[in-house]
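Before any comments, here is the structure.
Bear in mind the structure is a predicted one, so any value in this text is a computation, not a measurement.
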Amino acid sequence: MVRSDALARLHAMQAGDLPVHGGRTLAYVYDSGLAEVDRIGREAVAAYAGSNGLDPTAFPSLLRMENELVGFAADLLNAPDEAVGTVTSGGTESILLAVQAARDSRPEVVSPSMVLPETAHAAFHKAAHYFGVRTVVVPVGDDFRPDPWAMGRAIDGTTVLVVASAPSYAHGVVDPVSEIAAQAKAKKVRCHVDACIGGWVLPYAERLGRDVGEWDFRVPGVTSISVDTHKYAYTPKGTSVLLHRSPALRRAQYFASARWPGYTMLNATTQSTKSGGPLAGAWAVVTTLGDEGYLALTEQVLGAVDRLVAGVAQVDGVRVVVPPDATLVALACDETLDPFTLTDEMTARGWYVQPQMSFRGRPATVHLSVSAATADVVDDFLEALDQAAKASVAAGPVVVDPGVVTFIESLDPARLTDDDFEGLLATSGLMGDPDAGLALPERMAEVNALLDVAAPSMREALLVAFLDRLARPVRY
Ligand SMILES: Cc1ncc(COP(=O)(O)O)c(C=O)c1O
């Protein structure tokens with residue numbers, strides 16, 4: 001018997017998720033606030049859900065949409081006429097491919113490496129892990145930007161790629177791209193600018209007369225740029241654009257295999273069969289909004305950021321870590337309140353803000369990705385933040401049981417067993433009813449505080465063990 005209530009069941013399940021509209025979810029989602037544009041994007045996704053991007057000759061409309069989307073991005077980022085690009089599934093895939101292409105363009109390098117600031121997105125570490133590229137990590141200064149000379153000094157004969165962010169996710173500042181790219185160019189090494197989150201905002205910010213520095217293809221030495229449409233181009237999830245300055249720089253990104261009896265596999269991305277839906281959705285939204293639409297949305301979102309930054313200065317115990325260059329704001333707390341309690345208190349008031357763990361001696365912070373839709377609710381946000389800060393002060397510090405700290409310190413992250421993890425859950429009281437399985441507590445402050453005291457490698461191991469527990473099949 002075929003059931004007819006799948007959509008009703010879907011919507012019921014979805015009600016428990018974070019809202020993707022309304023501007024109150026300040027991570028993971030990007031909301032233009034334009035319902036009609038959203039509708040067009042979603043209808044386009046649905047119309048192309050069954051089309052296969054594997055073979056552009058079989059689905060020529062997908063090839064056309066891809067070339068038009070890449071063309072739009074190339075114009076936006078001032079790419080030279082010979083620039084080329086690929087639509088990928090997201091920022092991480094664009095970064096993976098940039099690293100893979102850089103590695104494979106230098107087959108003579110036995111142990112390839114890349115130079116990146118400590119603030120570069122974790123996707124570069126994933127690429128390093130997948131492709132056997134060593135990371136040479138350069139610290140950032142008090143302004144959360146790396147010293148370009150230190151980046152230059154870190155380049156050696158094994159360096160296949162140098163990385164800069166425009167801007168960085170965690171602190172929202174643009175790296176000194178011109179100086180970094182100059183160092184890379186002088187040493188004939190590729191330089192990738194990760195503009196995944198800022199690449200659709202900064203060009204319009206510049207047109208609006210804001211000083212955003214130099215970071216796009218006008219900078220000599222920048223060889224590739226990633227920019228995600230599924231972030232600030234406000235398209236449905238599932239697309240990013242990876243641009244290369246020339247076809248020669250892209251060549252190593254392609255994979256072809258005729259070493260089997262079936263069709264010759266020929267891919268520009270890690271996926272082979274891929275839905276045409278995300279590309280169609282991105283194309284539909286980008287061509288609907290166009291330059292004019294994005295200029296207006298950027299003016300709106302940057303206005304919201306300005307008001308938010310000014311308003312945070314009036315909230316006791318909370319401050320902006322560093323003046324943001326685009327739409328991402330990091331908040332820090334003074335010793336009177338705990339940032340993880342603050343995020344819980346914001347959740348309790350209907351706002352999602354994202355905790356960021358302490359790192360390399362710098363304290364934990366709270367991340368905000370501000371959307372155009374947030375512009376209408378900035379005053380409500382500030383009101384909620386003020387109340388949340390007061391409630392956090394009243395709640396007092398989150399103390400991790402010293403016994404739990406000792407237990408964590410006794411564990412080896414490289415060899416964390418199921419028993420260790422079980423022991424930790426029991427010691428920390430996270431496993432309520434063992435028969436009911438793992439359930440997320442309502443308040444996350446204790447969990448976050450516990451992760452925060454763990455070393456990064458331990459954090460990784462604990463979260464992997466945690467996800468492994470969550471990802472278990474539901475059998476009927
Ligand atoms: C600067 C930057 N790079 C890369 C990524 C990874 O993008 P995605 O989550 O689409 O894979 C992000 C995501 O927020 C980002 O902010």
Side-chain angles (χ1 to χ4, degrees), residues 7 10-11 14 19-23 25 28-77 79 84-94 195-201 203-204 207 225-243 268-269 271 273-301 327 369 371-375:
L7 291 178
L10 266 187
H11 291 310
Q14 205 170 24
V20 300
H21 290 123
T25 304
Y28 307 122
V29 303
Y30 307 84
D31 181 10
S32 70
L34 303 172
E36 177 59 9
V37 176
D38 240 57
R39 186 190 63 76
I40 291 168
R42 280 155 198 254
E43 276 194 20
V45 172
Y48 273 84
S51 304
N52 194 342
L54 166 62
D55 183 351
T57 61
F59 296 89
S61 66
L62 288 175
L63 179 63
R64 169 148 193 182
M65 283 190 273
E66 177 159 10
N67 284 337
E68 290 189 12
L69 198 54
V70 170
F72 192 102
D75 285 343
L76 196 58
L77 307 189
V84 290
T86 306
V87 174
T88 73
S89 63
T92 299
E93 191 181 23
S94 289
C196 281
I197 203 156
W200 222 271
V201 169
Y204 296 107
R207 288 182 211 177
I225 302 181
S226 47
V227 53
D228 296 354
T229 25
H230 68 190
K231 294 194 170 77
Y232 283 97
Y234 298 108
T235 71
K237 291 275 183 264
T239 57
S240 162
V241 179
L242 171 60
L243 288 164
T269 63
Q271 287 177 299
T273 281
K274 56 184 172 191
S275 169
L279 171 59
W283 181 90
V285 169
V286 168
T287 57
T288 299
L289 283 169
D291 265 335
E292 217 175 295
Y294 287 115
L295 194 65
L297 285 169
T298 306
E299 187 164 27
Q300 194 177 327
V301 71
T327 53
S369 288
S371 280
T374 310

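Checked by atom type and distance alone, the side chain of Tyr204 never pairs as donor or acceptor with a backbone atom of Glu299 at under 3.5 Å. Under a 3.5 Å cut-off, the side chain of Thr288 and the backbone N or O of Val37 do not form any donor-acceptor pair. Side-chain N or O atoms of Thr273 include none that pairs as donor or acceptor with a backbone N or O of Leu54 at under 3.5 Å. Checking side-chain atoms of Tyr234 against main-chain N and O of Ala372 turns up a donor-acceptor pair under 3.5 Å. Under the 3.5 Å distance criterion, the side-chain polar atoms of Thr88 are left unmatched by any main-chain donor or acceptor of Glu93.
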Inset, instruction - Give the intermediate values and the outcome of side chain to side chain contact (heavy atoms under 4.5 Å, CB included) for residues Val227 and Leu76. - result: CA-CA 10 Å; Val227 53; Leu76 196 58; 5.7 Å; no
Inset, instruction - For side chain to side chain contact (heavy atoms under 4.5 Å, CB included), just list the numbers for Val87 and Val70, CA-CA rounded to whole Å, side-chain angles, deciding distance to a tenth of an Å, and then say yes or no. - result: CA-CA 7 Å; Val87 174; Val70 170; 4.1 Å; yes
Legend entry - Trace of the side chain to side chain contact (heavy atoms under 4.5 Å, CB included) decision for Tyr28 with Val20: CA-CA 9 Å; Tyr28 307 122; Val20 300; over 6 Å; no
Inset, instruction - Tell me, with the steps shown, if Leu34 and Leu289 meet side chain to side chain contact (heavy atoms under 4.5 Å, CB included). - result: CA-CA 10 Å; Leu34 303 172; Leu289 283 169; 3.7 Å; yes
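If you take CD on Glu66 and CG on Leu63, they are separated by 7.0 Å, rounding to the nearest 0.5 Å. Remark: Lys231 NZ to Thr327 OG1 distance equals 11.0 Å, nearest 0.5 Å. Rounding to the nearest 0.5 Å places OG1 of Thr298 at 9.0 Å from CZ of Arg207.
Using modelled atom types and a 3.5 Å distance limit, the side chains of Ser61 and Tyr48 yield a donor-acceptor pair. In this model, a donor atom of one side chain and an acceptor atom of the other lie less than 3.5 Å apart for Ser240 and Ser94. Side chains of Thr269 and Lys274: a donor on one and an acceptor on the other come within 3.5 Å.
Counting all heavy atoms, side chain and backbone alike, Pro236 lies closest to Arg42 at CG-N, 4.4 Å. Of all heavy-atom pairs between Ile197 and Ser369, the closest is CD1-OG, 4.2 Å. Nearest heavy atom pair, residue His21 against residue Asp31, reads CA-OD2, 3.1 Å. Taking both residues in full, the closest heavy atoms of Glu68 and Trp283 are given as OE1-NE1, 3.0 Å, listed atom of the first, atom of the second, then distance. What you find for His230 and Gly91 is that their closest heavy atoms are NE2-N, 4.0 Å. Pairing each heavy atom of Leu279 with each of Leu62, the nearest pair is CD2-O, 3.3 Å.
Phe72 and Trp200 have parallel rings, their planes meeting at less than 30° on a 0 to 90° scale where 60° marks the start of perpendicular.
For Arg64, the CZ atom sits in a loose shell: 12 or fewer heavy atoms of surrounding residues, nucleotides or ligands are nearer than 6.0 Å.
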